[in-house]
Amino acid sequence: MAHWLMKTEPDECGIDDFAQAPETAITWDGVRNYQARNFIKAMSAGDEVFIYHSSCKHIGIAGVVKVVKTAFPDPTQFHPDSPYFDEKSTRDNPRWQSVDLRFVSKLPRLIPLNELKTLPGLEELALVKRGSRLSVMPVSAEQWQIILRQVS
DNA sequence: GCCAACGTTGGC
DNA sequence: GCCAACGTTGGC
């Protein structure tokens with residue numbers, strides 16, 4: 001089983017949106033970056049994902065969700081009214097992919113970004129690298145354990 | 001709200 | 001293929 005981290009603005013789709021409907025799969029749409037898209041394609045059912053809250057008051061890792069449906073064409077790319085519409089994408093050759101995710105847990109406390117930056121062993125995590133804008137990234141088993149240990 | 005860093009676009 | 005201009009991300 002692989003591990004991942006996905007960024008989101010909590011007003012849009014934060015950990016509380018998952019927690020409020022723990023039996024419901026939520027489609028993760030709107031990823032419009034090729035590197036992030038490729039990571040979405042590489043996800044397997046059962047993979048666990050850290051949910052990271054960005055562009056908000058309390059920035060950091062807030063909880064865990066899991067992949068319940070592997071990559072399929074992101075429906076929003078076909079909707080002209082969607083902010084994520086992509087006129088160059090076709091049904092036959094879709095550019096963008098989504099996965100379905102379901103709630104696993106909220107962390108006992110949010111782990112702030114500035115704390116993550118101090119943890120030995122996370123130097124290679126894209127999240128803590130200066131200027132990194134990648135919104136979907138792999139997390140190694142070691143990195144995953146280091147992060148969970150902070151709240152256990 | 002500011003702005004540095006980044007990814008994408010498009011002219012050449 | 002280069003690279004300047006532009007738009008976006010995202011911490012502060």
Side-chain angles (χ1 to χ4, degrees), chain A residues 2-21 26-43 47-67 70-140 142-151:
Chain A
H3 295 100
W4 308 92
L5 183 145
M6 295 172 110
K7 293 182 186 174
T8 181
E9 298 184 14
D11 320 351
E12 235 174 85
C13 188
I15 194 65
D16 287 329
D17 294 288
F18 287 96
Q20 281 163 24
I26 294 180
T27 296
W28 196 268
D29 57 28
V31 171
R32 294 295 180 269
N33 168 282
Y34 288 102
Q35 202 180 351
R37 190 273 315 268
N38 292 341
F39 287 133
I40 285 178
K41 282 185 174 178
M43 291 179 177
D47 284 0
E48 290 184 322
V49 181
F50 278 135
I51 293 296
Y52 173 86
H53 289 173
S54 69
S55 299
C56 60
K57 186 164 183 183
H58 301 292
I59 298 164
I61 296 177
V64 178
V65 298
K66 67 179 175 185
V67 177
T70 54
F72 57 93
D74 180 341
T76 62
Q77 69 194 307
F78 306 122
H79 297 162
D81 294 337
S82 168
Y84 301 121
F85 177 63
D86 184 344
E87 61 178 7
K88 292 175 186 161
S89 194
T90 64
R91 302 262 177 191
D92 289 341
N93 189 19
R95 281 189 176 182
W96 307 113
Q97 300 286 116
S98 288
V99 285
D100 280 355
L101 303 171
R102 196 189 299 162
F103 181 70
V104 172
S105 63
K106 283 182 77 163
L107 297 188
R109 64 176 178 86
L110 179 133
I111 308 176
L113 176 61
N114 56 17
E115 181 176 339
L116 293 167
K117 284 179 175 172
T118 69
L119 297 181
L122 298 188
E123 295 84 2
E124 295 307 311
L125 185 64
L127 184 74
V128 304
K129 291 197 171 180
R130 179 163 159 254
S132 171
R133 290 164 48 175
L134 190 60
S135 64
V136 180
M137 68 192 73
V139 178
S140 72
E142 292 76 15
Q143 291 165 341
W144 186 269
Q145 285 307 318
I146 288 168
I147 293 167
L148 280 188
R149 199 177 303 141
Q150 286 304 108
V151 290

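Protein chains get the first letters and strands the later ones, always in sequence-line order, with residue 1 at the start of each. As a basis for the values below, the full set of heavy atoms in this structure was taken, side chains included, without hydrogen atoms, waters or symmetry mates. Remember, predicted model here, so these are calculated numbers, not experimental data.
- Here C:dT8 presents its P atom at 14 Å from CZ of A:R32, a figure rounded to the nearest Å.
- B:dT8 atom C1' lies 10 Å from atom NZ of A:K88, rounded to whole Å.
- Looking at A:L113 and A:L127, their side chains come closer than 4.5 Å, going by heavy atoms from C-beta outward.
- Protein atom NZ of A:K57 is 16 Å distant from nucleotide atom P of C:dC12, rounded to whole Å.
- Following rounding to the nearest Å, A:E12 (CD) and C:dT8 (P) show an atom-to-atom distance of 14 Å.
- For DNA chain C, the neighbouring residues in residues 113-126 of chain A, judged by any heavy atom under 4.0 Å, are A:L113, A:K117.
- Between the P atom of C:dC12 and the CD1 atom of A:I59 lies a distance of 6 Å, rounded to the nearest Å.
- One can place CH2 of A:W96 at 13 Å from P of B:dG7, the figure rounded to the nearest angstrom.
- Between the side chains of A:D74 and A:T76, at least one donor-acceptor pair of N or O atoms lies under 3.5 Å.
- Note that CD1 of A:I40 is 9.5 Å distant from CG of A:N33, once rounded to the nearest 0.5 Å.
- Two residues are said to be in side-chain contact when any heavy atoms from C-beta on lie closer than 4.5 Å; A:E124 and A:K129 meet this criterion.
- Comparing A:R95 and A:G131, the nucleotide of DNA chain B nearest to each residue sits closer to the 5' end for A:G131.
- Atom pair A:L134:CG and C:dG11:C1' shows a separation of 16 Å (rounding to whole Å applied).
- Aromatic ring pairs are classed by plane angle as parallel below 30°, tilted from 30° to 60° and perpendicular above 60°; the pair A:W4 and A:F39 is tilted.
- Contacts between residues 48-56 of chain A and DNA chain C, defined by a heavy-atom separation under 4.0 Å, are made by A:Y52, A:S54, A:S55.
- Between the side chain of A:S98 and the main chain of A:T27, no donor-acceptor pair closer than 3.5 Å is present.
- Counting all heavy atoms, side chain and backbone alike, A:L134 lies closest to A:A126 at CD2-CB, 4.3 Å.
- The interatomic distance linking A:L5 (CG) with C:dG10 (P) rounds to 11 Å, in whole Å.
- Taking side-chain N and O atoms only, A:K7 has no distance below 4.0 Å to OP1 or OP2 of C:dT9.
- Under the 6.0 Å cut-off for aromatic ring centres, A:Y34 and A:W96 qualify, their centroids lying closer than that.
- Annotation: A:K7, atom NZ; neighbour count of heavy atoms from other residues, nucleotides and ligands within 6.0 Å is above 12.
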